[in-house]
Amino acid sequence: MAGFRKTVKKVVPKVDLQSYNVLIAGGFKAGKTRLWKEVMELHYPDEPEAGLLLAFEPGYNTWELESVVPMHDYDWRFFKNEVVKGLLEEAKTSRVTKVIGIDTADRMMDMVTEYILEEMSKKYGKKF
């Protein structure tokens, strides 16, 4: 038997969504939010609040979802001071959220960019 055979191993993938970072990419109306909904229902059928969708755009409105924060109604300060702090506190005490979805990353980046430009404009006294 060849020497490399001692290094061959069986791989058993985890079915624990909390262990993965996943990017779902697709064009407009490609089914990204529906996929989120169906994956959460499949893996957390008895825990409807396990999957928290942070919705930076209102496209989720066509689906019945149990746990959504309509981030498009708020700003980055709310995200930073309320959502992030709340999730950290929840993780320490009584973890409800197990998986976080961001719908969509490009809108999230727009929101944080606006926040950073606003903060730098205040700090340096000029418009960025």
(message) Under the criterion side-chain contact (heavy atoms from CB on, under 4.5 Å), I'd like the reasoning laid out for Asp73 against Phe78: C-alpha separation, chi angles, the key distance, then a yes or no.
(response) CA-CA 10 Å; Asp73 289 339; Phe78 175 79; over 6 Å; no
With clusters defined by side-chain heavy atoms of hydrophobic residues (ILVMFWY) lying less than 4.5 Å apart, directly or transitively, does [Y] cluster with [X]?
X: Val99; Y: Leu65; answer: yes
X: Tyr20; Y: Leu35; answer: yes
X: Trp63; Y: Phe56; answer: no
X: Val39; Y: Val22; answer: yes
X: Tyr115; Y: Leu54; answer: yes

List the atom of [X], the atom of [Y], and the distance in Å for their closest heavy-atom pair.
X: Pro48; Y: Ser67; result: O-CB, 4.0 Å
X: Leu53; Y: Ile102; result: CD1-N, 4.4 Å
X: Leu17; Y: Met40; result: CD1-CE, 3.7 Å

Spacing of [atom1] belonging to [X] relative to [atom2] belonging to [Y], to within rounding of 0.5 Å:
X: Glu47; Y: Lys98; atom1: CD; atom2: NZ; answer: 3.0 Å
X: Asp75; Y: Glu114; atom1: CG; atom2: CD; answer: 8.0 Å
X: Asp103; Y: Met108; atom1: CG; atom2: CE; answer: 12.0 Å
X: Glu57; Y: Met111; atom1: CD; atom2: CE; answer: 11.0 Å
X: Lys123; Y: Ile116; atom1: NZ; atom2: CD1; answer: 12.0 Å
X: Leu52; Y: Ile100; atom1: CG; atom2: CD1; answer: 6.0 Å

Less than 3.5 Å apart, any donor N or O on the side chain of [X] or [Y] sitting next to an acceptor on the other?
X: Thr97; Y: Glu90; result: yes
X: Thr113; Y: Asp110; result: no
X: Tyr60; Y: Lys37; result: no

(message) Please determine whether side-chain contact (heavy atoms from CB on, under 4.5 Å) holds for the pair Arg95 and Gln18, giving the CA-CA distance in whole Å, both sets of side-chain angles, and the decisive distance to 0.1 Å.
(response) CA-CA 12 Å; Arg95 189 175 200 163; Gln18 300 168 65; 4.0 Å; yes
Could you check whether atom [atom1] of [X] has more than 12 heavy atoms from other residues, nucleotides or ligands sitting under 6.0 Å from it?
X: Glu49; atom1: CD; value: no
X: Tyr124; atom1: OH; value: no
X: Met120; atom1: CE; value: yes
X: Lys127; atom1: NZ; value: no

(message) Any salt bridge linking Arg34 with Glu38? Criterion: basic side-chain nitrogen under 4.0 Å from a carboxylate oxygen.
(response) yes
(request) Inspect the contact between Glu118 and Arg77 and indicate whether a charged nitrogen and a carboxylate oxygen are less than 4.0 angstrom apart. (result) yes
(message) Do Met71 and Val83 make a side-chain contact, defined as non-hydrogen atoms from C-beta onward lying under 4.5 Å apart?
(response) yes
(request) Would you please test Trp76 and Phe79 for ring pair (Phe, Tyr, Trp, His ring centres under 6.0 Å) and show each step? (result) CA-CA 5 Å; Trp76 194 256; Phe79 176 75; 4.5 Å; yes
